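Quantities reported herein were computed from a predicted structural model and do not represent experimental measurements. Each ligand, and each atom within it, is numbered from 1 in the order the structure gives. Numbers for residues simply follow the sequence, beginning at 1.
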Amino acid sequence: MHKPEFDIKYKEHLKRKILDLKKKNNVLIVAHNYQRDEIQEISDITGDSYALACKVKEASQKIIVFCGVKFMAESAYMLSPDKTILLPVEEAGCPLADMVTVEKLREKKREYPSAAVVCYVNSTAHVKAESDICCTSSNAINVVKSLKQKQIIFVPDKNLGRYVSEHVRDKEIILWDGYCTVHMRLTADEVLKTKKLHPDAEFIAHPECREEVIALADYVGSTAGMIKYVKNSESKEFIIGTELGIIYKLQRDNPGKNFYVPTEQFICANMKLTTLGWLVRSLEKKVYKIEVPNDVTEKARKALEKMLAVS
Ligand code: 13P
Ligand code: SF4
């Protein structure tokens with residue numbers, strides 16, 4: 001058997017195994033929009049950080065396999081501590097989430113004692129526990145607007161924080177120097193070059209992109225927001241300003257539309273760690289169980305629940 005043929009047959013074998021194990025153990029599989037195509041295909045639900053947290057909370061299944069990165073699985077656990085949350089690859093982290101620590105945040109809070117702390121969900125459970133409210137890229141503007149405080153410490157993503165500050169002019173947003181190492185790779189120059197090649201294409205971008213990249217966008221929003229925007233838009237061509245995993249759903253939902261990539265570097269290696277093989281292992285061995293200490297969960301859940309009440 002030639003290798004490509006073997007690969008296809010092996011993938012089909014793994015997919016059958018996943019479906020059997022899922023049914024046998026009554027498991028819900030959820031996947032973030034950046035996961036590999038075959039992982040999105042086999043999952044029950046795909047979505048952005050916000051939608052997945054809500055879906056896990058509402059789910060009737062008691063075991064959830066979360067195909068994504070650790071902070072997402074932790075949030076799911078903290079919102080649904082009665083459920084078993086499994087992350088197929090233990091090392092699937094998010095460099096942005098590690099750019100703020102509890103100690104540094106406490107220092108900042110001492111510097112601005114009357115400020116509220118808004119924490120992007122791309123953060124650790126401990127940092128969420130130190131924050132007043134969480135947000136995702138889909139609700140960050142509304143979350144900040146909902147607060148009575150005029151000063152906001154926004155952690156850890158400076159690009160999302162700056163984007164929010166442009167839409168909430170009556171508040172002072174104190175930015176943290178954190179950023180997504182993947183979204184920062186896209187330059188305005190690359191976008192302009194792609195626009196030149198495809199002058200009719202709309203440019204859609206995630207708010208984690210650089211300021212000068214956001215300035216070129218026709219639409220800025222979460223991954224779910226981008227998917228919705230493309231579906232409703234009259235345009236037939238789009239330049240993608242986020243991780244390339246999103247193209248799976250865009251192509252599936254919009255067969256007549258074309259998608260262009262300004263940089264081949266738009267890959268989140270952590271998101272791509274989850275493969276069909278690791279998913280099988282996760283279902284078979286019930287690994288890796290994500291848990292957060294009770295005292296941290298209690299405080300962080302308050303910040304997450306406050307966010308859910310706003311959006
Ligand atoms: P979304 O919530 O928009 O899906 O984004 C999550 C993320 O990690 C972006 O890099
Ligand atoms: Fe984290 Fe960036 Fe990957 Fe999103 S794309 S999970 S922010 S490293």
Side-chain angles (χ1 to χ4, degrees), residues 30-36 39-40 43 45-56 66-76 79 87-100 118-124 127-128 134-143 154-161 163-164 176-186 204-210 213-214 217 219-230 240-250 261 263-274 290 304 307-308 310-311:
V30 303
H32 186 263
N33 291 323
Y34 295 159
Q35 289 286 297
R36 291 168 185 266
I39 297 292
Q40 293 195 48
S43 296
I45 298 169
T46 56
D48 66 0
S49 315
Y50 178 74
L52 294 181
C54 295
K55 296 284 182 193
V56 169
F66 205 119
C67 301
V69 291
K70 195 167 179 197
F71 78 80
M72 295 179 177
E74 276 182 350
S75 296
L79 284 168
L87 183 69
V89 181
E90 203 174 21
E91 308 78 51
C94 168
L96 168 60
D98 297 325
M99 288 185 189
V100 53
V118 176
C119 168
Y120 188 28
V121 284
N122 300 39
S123 52
T124 62
V127 165
K128 287 183 178 78
C134 291
C135 74
T136 71
S137 55
S138 67
N139 57 25
I141 293 173
N142 286 345
V143 163
F154 192 99
V155 295
D157 190 63
K158 63 178 174 188
N159 290 314
L160 177 62
Y163 175 71
V164 169
W176 198 263
D177 192 20
Y179 52 88
C180 165
T181 48
V182 180
H183 283 81
M184 282 293 262
R185 287 182 202 150
L186 179 62
I204 57 170
H206 196 278
E208 286 175 13
C209 288
R210 293 167 183 273
V213 168
I214 295 284
Y219 174 79
V220 181
S222 77
T223 54
M226 286 188 225
I227 289 165
K228 194 168 164 203
Y229 181 81
V230 168
I240 306 304
T242 196
E243 213 272 351
L244 301 184
I246 198 173
I247 294 179
Y248 167 76
K249 227 186 209 172
L250 292 176
V261 173
T263 168
E264 301 293 337
Q265 311 305 313
F266 233 142
I267 305 282
C268 174
N270 282 285
M271 283 284 181
K272 298 317 193 223
L273 285 173
T274 308
I290 298 298
L304 284 162
M307 166 187 84
L308 297 184
V310 170
S311 29

A student checking ligand 2 against Glu208 at a 4.0 Å heavy-atom cut-off should list atoms 2 (Fe), 7 (S)
Is the shortest heavy-atom distance from the side chain of Thr263 to the side chain of Arg185 under 4.5 Å? no
Would you indicate whether the side-chain heavy atoms of Ile240 and Leu250 approach each other to under 4.5 Å? yes
Contact summary for Asn139 and Met307, nearest pair of heavy atoms: ND2-CG, 3.4 Å
Using distance alone, with no hydrogens and no angle criterion, decide if Gln40 and Tyr34 have a side-chain donor and acceptor under 3.5 Å apart. no
Sequence neighbours left out, cut at 3.5 Å: what donor-acceptor pairs do the side chains of residues 88-98 make with other protein atoms?
none

Salt bridge (Lys or Arg N to Asp or Glu O under 4.0 Å) filter on Lys249, not counting sequence neighbours, yields none
Closer than 2.8 Å to atom 1 (Fe) of ligand 2, how many protein N/O/S atoms do you count? 1
Under 6.0 Å from the OH atom of Tyr248, do we count more than 12 heavy atoms belonging to anything else shown? yes
Please determine whether the number of non-hydrogen atoms from other residues, nucleotides or ligands lying under 6.0 Å from atom NZ of Lys55 exceeds 12. no
From the list Glu243, Arg210, Glu208, side-chain hydrogen bond (donor to acceptor under 3.5 Å, both in side chains) with His183 holds only for Glu208
Reference residue Asn33; test side-chain hydrogen bond (donor to acceptor under 3.5 Å, both in side chains); the match among Thr223, Asp48, Thr242: Thr223
Nitrogen or oxygen contacts under 3.5 Å, ligand 1 side and protein side:
| residue | atom | partner | partner atom | Å |
| --- | --- | --- | --- | --- |
| ligand 1 | 2 (O) | Ser49 | N | 3.2 |
| ligand 1 | 2 (O) | Ser49 | OG | 2.7 |
| ligand 1 | 3 (O) | Ser137 | OG | 2.8 |
| ligand 1 | 3 (O) | His206 | NE2 | 2.9 |
| ligand 1 | 3 (O) | Thr223 | N | 2.9 |
| ligand 1 | 4 (O) | His32 | NE2 | 2.6 |
| ligand 1 | 4 (O) | Thr223 | OG1 | 2.6 |
| ligand 1 | 5 (O) | His206 | NE2 | 3.3 |
| ligand 1 | 8 (O) | Asn122 | ND2 | 3.2 |
| ligand 1 | 10 (O) | Glu208 | OE1 | 2.8 |
| ligand 1 | 10 (O) | Glu208 | OE2 | 3.2 |

